[in-house]
Amino acid sequence: MLEDHIRFMNIALDEAEKAKFQNEVPVGAVIVDEKGEVIASAHNMVIALSDPTAHAEMLALRKASTRLANYRLLNTTLYVTIEPCIMCMGALIHARIKRVVYGAKDSKWGAAGSLYCFADDKRLNHHPEIISDVCGKACGNLIRDFFREKRMPEKTDLL
């Protein structure tokens, strides 16, 4: 099972790289059905679409729902490079995603265990399984390096 998680997380990492090259926060997401088929993949496009909801998870949910012609994505697994935020975790619960597998924790926005844990809230009617730290180092390094480069002053020739 871990081998499958790593394989699908690597696809999500490829999506995150696409976001990085578009100057978007490098987050990628993949939704896989119970047979192990990728039914949707996406990366952050908040800037490109001028849409604060255009997180990788939200875009993957929209693609998967369209493909399956159903807003309920029963028996599916979402792989995402960083822990889902409050908005995304709420949408994943509404979509009835069975399992959420993520790479790096997000202590500022995470809603799958770091800041909040929506999946454990017994008041909600759906509780996806949460698996964390799959390729966590690679996922964390990608996003950390992205923001580190953003904060670096431009190098200039002093000649």
Side-chain angles (χ1 to χ4, degrees), residues 1-22 24-49 51-106 109-143 146:
M1 190 65 137
L2 180 60
E3 290 172 1
D4 287 339
H5 291 331
I6 291 169
R7 179 168 55 102
F8 293 124
M9 189 61 75
N10 280 320
I11 297 170
L13 277 163
D14 289 343
E15 285 290 329
E17 287 287 344
K18 291 176 188 177
K20 178 183 173 185
F21 290 120
Q22 295 172 358
E24 300 272 1
V25 175
V27 178
V30 176
I31 297 177
V32 178
D33 68 13
E34 62 193 330
K35 297 174 190 165
E37 181 183 343
V38 173
I39 57 173
S41 61
H43 57 275
N44 273 4
M45 296 187 69
V46 173
I47 297 166
L49 298 176
D51 180 355
T53 71
H55 289 195
E57 301 96 319
M58 300 295 283
L59 297 173
L61 282 172
R62 290 175 188 145
K63 288 179 180 180
S65 295
T66 298
R67 180 169 178 186
L68 298 178
N70 194 338
Y71 71 99
R72 289 196 173 165
L73 302 175
L74 304 172
N75 300 312
T76 60
T77 300
L78 172 91
Y79 292 86
V80 62
T81 56
I82 193 163
E83 181 180 357
C85 72
I86 296 163
M87 172 185 67
C88 293
M89 200 61 205
L92 295 168
I93 289 169
H94 278 290
R96 309 300 195 274
I97 294 280
K98 180 178 182 177
R99 182 179 305 109
V100 175
V101 180
Y102 70 87
K105 290 188 176 292
D106 186 349
W109 290 96
S114 292
L115 187 60
Y116 300 102
C117 192
F118 283 13
D120 288 346
D121 191 329
K122 300 303 178 205
R123 296 169 296 180
L124 300 173
N125 66 341
H126 179 69
H127 306 97
E129 175 187 0
I130 305 294
I131 299 172
S132 63
D133 199 29
V134 173
C135 302
K137 186 173 182 178
C139 294
N141 287 342
L142 179 63
I143 202 157
F146 175 80

Q: Check whether any side-chain heavy atom of L59 sits under 4.5 Å from a side-chain heavy atom of M45, and report yes or no.
A: yes

Q: Output yes when a side-chain donor or acceptor of Q22 lies under 3.5 Å from a complementary backbone atom of A48, and no otherwise.
A: no

Q. For Y116, does the OH atom sit with more than 12 other heavy atoms under 6.0 Å from it, leaving out its own atoms?
A. no

Q: Measure the CZ-CG distance between F8 and L78 for me, rounded to the nearest 0.5 Å.
A: 12.0 Å

Q.
Once rounded to the nearest 0.5 Å, what's the spacing between atom CG of L115 and atom CG of D106?
A. 8.5 Å

Q | Inter-residue atom distance M87.CE - W109.CH2, 0.5 Å rounding | A | 9.5 Å

**Q.** Euclidean distance, H126 NE2 relative to R96 CZ, rounded to 0.5 Å
**A.** 7.0 Å

**Q.** Gap separating the CG atom of L124 from the CD1 atom of I93, nearest 0.5 angstrom
**A.** 5.0 Å

Q.
Using a 3.5 Å distance criterion without hydrogens, assess whether the side chain of N44 forms a donor-acceptor pair with backbone atoms of V25.
A. yes

Q: Taking S65 for its side chain and R62 for its backbone only, find out whether a donor-acceptor pair lies under 3.5 Å.
A: no

(Q) Just so I know, are the side chains of I31 and L61 near enough to count as touching, which here means a heavy-atom distance under 4.5 Å? (A) yes

Q) Are V32 and T76 side-chain neighbours, meaning at least one heavy-atom pair lies under 4.5 Å? A) no

Q | For K18, all residues meeting salt bridge (charged side-chain N to carboxylate O under 4.0 Å, His left out), sequence neighbours excluded | A | E15

**Q.** NZ (K98) with more than 12 external heavy atoms under 6.0 Å
**A.** no

Q | Separation between CE of M58 and SG of C85, rounded to the nearest 0.5 Å | A | 8.0 Å

Q | E17 vs P26 side-chain heavy atoms within contact, under 4.5 Å | A | no

Q) Are K35 and D33 within salt-bridge range, i.e. N to O under 4.0 Å? A) no

Q.
Could you check whether R99 pairs with E34 (Lys NZ or Arg NE/NH1/NH2 to Asp/Glu carboxylate O, under 4.0 Å)?
A. no

